[in-house]
Amino acid sequence: MSLRVYNTLTASKEAFIPLHSNLVRMYVCGVTVYDDCHLGHARSAIVFDIIYRYLRYRGFTVKYVRNFTDIDDKILQKAERLRQPWDHVAAQYIQAYHRDMTRLGVCRPDVEPRATEHMGAIVEMIKGLLEKGYAYQVEGNVYYRVAAYRSYGRLSKRHADDLLAGARVEVDDRKQDPMDFALWKAAKPGEPAWESPWGPGRPGWHIECSAMSLQHLGETFDIHGGGKDLIFPHHENEIAQSCAFTGKEFARYWIHNGFVTIAKEKMSKSLGNVFAIKDIFAQSTCPESVTAEALRYFLLSTHYRSDVSYSPQGVAEAKSALDNLYGLLQRLEEDEATPVAPETSNVQRILDHTRAKFEEAMDDDFNTPKALAELQHLRGALNTALQQGMLSGERKVAVETLRRLGEPLGLLQVPITAWMFRPLRFRDPNLQASIKIDVDLRAPLTVGEGLSDEEIERQVQKRREARARKDFATADRIRQELAAFGITLEDRPDGTTRWKR
RNA sequence: GGCGCCGUACCCAAGUGGCUAAGGGAGCAGUCUGCAAAACUGCGAUGCGGCGGUUCGAACCCGCCCGGCGCCUCCA
């Protein structure tokens, strides 16, 4: 069984075969840095993160490029509003982006090129397009001549006639055709500008991605991705520019992720239904790494091409599902003597079978919901095995397998002592609104103010002594005291006690 | 107007022509337990928006209808 991916270009699932044997070259559209990232950005980043991780899991060498568009009209507008230099605004949001991605556990790409650092390449490309007749200049502006590119529309499955029928294209007298788009924008007084053969100005949106992907990945590369809202016009225009410039095929596989929606509607600023990533973390009652995995599990429980409807209780449910997997990890990692039933043990067979099913699911266009179901199925099988007795070697292998299968998904990577088993909730009423209120939200929530492992162990030991002399009043009192700090105790049959945060 | 997507149990969500329609959350019952918790086991769609059609056979293909959404304008 080999990897198959859905290609927007051909509108079908295809066998994934990189151009150069084992090397995968992948370009993903990052963000225009003019504001904090929201859940939609998180989804896109996480989707391509798991694609990147899984390709490596599958033995490919991946060169992963994800850009920053750090010069754009929106950045200039923001700078004006804030009365700050535009490049400070960009730098600030690049930093915020990195902060959010780190929190989300998103791998850093191999290259993170910025438009402003590729002006030479951008200008060269525009020059080439002019020479070949695919562009024209008007008063210091350069436009792409869409009519000159025969197969324009093949990605978004649109035809020139349909586009004109839309009649929502901004009217610009200088364009020869309403569909033409800017490659270079002449600078107005006071605007940042770079020198060019057409006078001072800045690149139009789209050209920076063509130039940067060409420079870092070459003329033809394997995967180009982004949110599905980029299919038109952004990616369509990139294809037009790049193919016209090089005369070669551009990206071979186009991968697009679905939206995050709120109450069935696309998350967007105009609708005012945007949730910033930083707010999710700020409002969560769980530590960052736990919140990150809960959010990841939530997002990955829907296939990447479908829209996923965000809700606080959706994340809370994902957290519960993860708790059960971590609970299993905790029990597997406990070093206790268990009854042994080696002759009937089928643990290794179960693990092998799960790995095969997991890979089968991921090979089928990154079917993460199916992959998660396989992990959950494994949980049941291992729980049963655990109850019948597992050798310490088997338990070790089981833990390794769970962690190894979790890795390409970015899940099950938190050390067990750092996992928080208490339900995840959000403090803000807006985030909290649709959660059924079934827990006391005034209970202690913050991790930082909790007890240390040592303090907890000491109390657990005291309680053990009390139980040994049948002093259940004391034992129950200790349990209640720990519960006030959010610590749950679970007594095992052998008289020992496990605790959970 | 053009192009396209979706509608599966209380909620979320795989499956897209043929084994009992995955899995998770919530719920109920039982086993276990000083109590509790966890875990395990069992229960839950004769049916996949509706109506027709194709087929030996359809949630899955085709047609129509109902409902929801997206792109065509900046957007992950």
Side-chain angles (χ1 to χ4, degrees), chain A residues 11 28-32 34-35 37-48 72-74 77 153 156-159 161-170 179 205 225-234 236 256-261 263-270 274 297-298 301-303 305-309 311 313-314 316-325 327-328 330-331 357 361 364 367-377 379-380 382-384 386-388 421 434 436 438 467 470-473 475-476 479-480 483 488-493 497-500:
Chain A
V28 174
C29 287
V31 291
T32 299
Y34 72 103
D35 205 350
C37 289
H38 55 64
L39 276 175
H41 299 109
R43 160 113 113 146
S44 186
I46 287 171
V47 162
F48 289 99
D72 176 89
D73 291 355
K74 289 197 293 296
Q77 286 163 16
S156 55
K157 321 292 184 244
R158 285 166 220 269
H159 304 289
D161 305 344
D162 302 335
L163 289 168
L164 287 175
R168 294 170 67 182
V169 184
E170 191 183 332
M179 277 159 47
W205 185 44
K228 68 179 181 183
D229 47 354
L230 296 180
I231 295 171
F232 189 90
H234 186 54
E236 196 69 73
H256 293 96
N257 64 274
F259 297 135
V260 175
T261 61
K264 304 283 184 190
E265 286 182 314
K266 179 185 175 181
M267 188 180 284
S268 76
K269 298 230 168 117
S270 50
V274 172
Y297 193 105
F298 168 70
S301 58
T302 298
H303 185 87
R305 279 192 283 120
S306 302
D307 291 348
V308 54
S309 181
S311 70
Q313 79 268 32
E317 286 179 8
K319 169 64 167 53
S320 296
L322 264 177
D323 284 338
N324 291 328
L325 289 169
L328 169 62
Q330 184 179 40
R331 273 172 276 116
K357 299 292 281 183
D364 184 15
N367 192 335
T368 53
K370 184 93 191 310
L372 290 175
E374 297 302 339
L375 292 182
Q376 291 290 356
H377 188 75
R379 170 171 70 98
L382 287 175
N383 277 324
T384 304
L386 205 48
Q387 216 153 43
Q388 291 165 348
F421 285 90
S434 41
K436 216 182 346 171
D438 53 0
R467 290 180 72 214
K470 306 269 190 217
D471 180 4
F472 296 122
D476 289 348
R479 176 170 25 218
Q480 281 177 7
T488 304
L489 300 185
E490 296 171 10
D491 295 329
R492 283 171 288 207
T497 300
R498 104 171 38 97
W499 56 270
K500 290 177 171 176

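Letters go in sequence order (proteins before strands), and every chain restarts at 1. Source: prediction; values computed, not measured.
The nucleotide A59(B) finds no pairing partner, because no Watson-Crick or G-U wobble arrangement with both distances shorter than 3.5 Å includes it. The partner of A29(B), taking Watson-Crick or G-U wobble pairs whose two distances both stay under 3.5 Å, is U41(B).
Of the side-chain N and O atoms in Thr384(A), one or more sit less than 4.0 angstrom from OP1 or OP2 of U41(B). A close approach under 4.0 Å does not occur between any side-chain nitrogen or oxygen of Lys264(A) and OP1 or OP2 of G70(B).
Although no hydrogens or angles enter the test, the distance criterion places no donor-acceptor pair under 3.5 Å between the side chain of Glu374(A) and the main chain of Lys357(A). Glu317(A) contributes no side-chain N or O that, together with a main-chain N or O of Phe298(A), makes up a donor-acceptor pair within less than 3.5 Å. Within the 3.5 Å criterion, the main-chain N or O of Ala316(A) finds a donor-acceptor partner in the side chain of Ser320(A).
Residue Leu489(A) is in base contact, counting any heavy-atom pair closer than 4.0 Å across all strands shown. Heavy atoms of Thr302(A) sit under 4.0 angstrom from primed sugar atoms or phosphate atoms, though from no base atom. Across all strands shown, Phe259(A) has heavy atoms under 4.0 Å from base atoms, whether or not it also approaches the sugar-phosphate. At a threshold of 4.0 angstrom between heavy atoms, the contacts of Gly226(A) are confined to the sugar-phosphate backbone, with no base atom among them. The residue Asp491(A) sits close to a base: some heavy atom pair falls under 4.0 Å. Within the 4.0 angstrom heavy-atom criterion, base atoms lie near Gly40(A). Residue-level contact check: Val260(A) touches the bases, meaning some heavy atom is under 4.0 Å from a base atom. Using a 4.0 Å heavy-atom distance criterion, His234(A) is classed as making no nucleic acid contact.
Below the 3.5 angstrom threshold, one finds no donor paired with an acceptor across the side chain of Gln376(A) and the base of G24(B). Side-chain to base pairing of Arg479(A) with A36(B): one donor and one acceptor N or O lie within less than 3.5 Å of each other. Between the side chain of Asp476(A) and the base of G34(B), a donor-acceptor pair under 3.5 Å is found.
Comparing the C1' positions of A9(B) and U46(B) gives a spacing of 14 Å, expressed to the nearest Å. If you take atom P in U8(B) and the same atom in C69(B), they sit 15 Å apart, rounded to whole Å. For the C1' atoms, the distance from G25(B) to A14(B) is 15 Å, rounded to whole Å.
Exactly one of Glu490(A), Arg467(A), Arg479(A) qualifies for a side chain to side chain contact (heavy atoms under 4.5 Å, CB included) with Thr497(A). That residue is Arg467(A).
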Report task. Go through the steps for Asp307(A) and Lys266(A) under the test salt bridge (charged side-chain N to carboxylate O under 4.0 Å, His left out), then give the verdict. Result -> CA-CA 9 Å; Asp307(A) 291 348; Lys266(A) 179 185 175 181; over 6 Å; no
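Nearest nucleotide to the Lys266(A) side chain, out of G2(B), A76(B), G34(B): A76(B). Distances were taken from every side-chain heavy atom of Arg379(A) (C-beta onward) to each of C74(B), C40(B), A38(B); the shortest belongs to C40(B). Residue Glu317(A) has its side chain nearest to C11(B) when only A39(B), C3(B), C11(B) are considered. Considering only the side chain of Arg467(A), C35(B) comes nearest among C35(B), A14(B), G70(B).
The separation between Gln330(A) atom CD and A39(B) atom P is 11 Å, rounded to whole Å. Rounded to an integer number of Å, the gap from CG of Leu375(A) to P of A13(B) is 19 Å. Rounded to whole angstrom, the span from the CG atom of Asn257(A) across to the C1' atom of G70(B) amounts to 14 Å. The CD atom of Glu236(A) sits 20 Å away from the P atom of G2(B) (whole-angstrom rounding). Glu265(A) places its CD atom 15 Å from the C1' atom of G67(B), with the value rounded to the nearest Å. Look at CG on Asn324(A): it is 20 Å from P on C12(B), rounded to the nearest Å. Whole-Å rounding puts the Leu230(A) CG to G70(B) P distance at 17 Å. Rounded to a whole Å, the NZ atom of Lys370(A) is 8 Å from the C1' atom of A14(B).
In terms of position along RNA chain B, the nucleotide closest to Phe298(A) lies nearer the 5' end than the nucleotide closest to the other residue of the pair Phe298(A) and Gly258(A).
Of all heavy-atom pairs between Asn324(A) and Arg331(A), the closest is O-NH2, 4.5 Å.
Under the stacking definition used here (centres under 5.5 Å, planes under 30°), the residue Phe472(A) qualifies as stacked on the base of G34(B).
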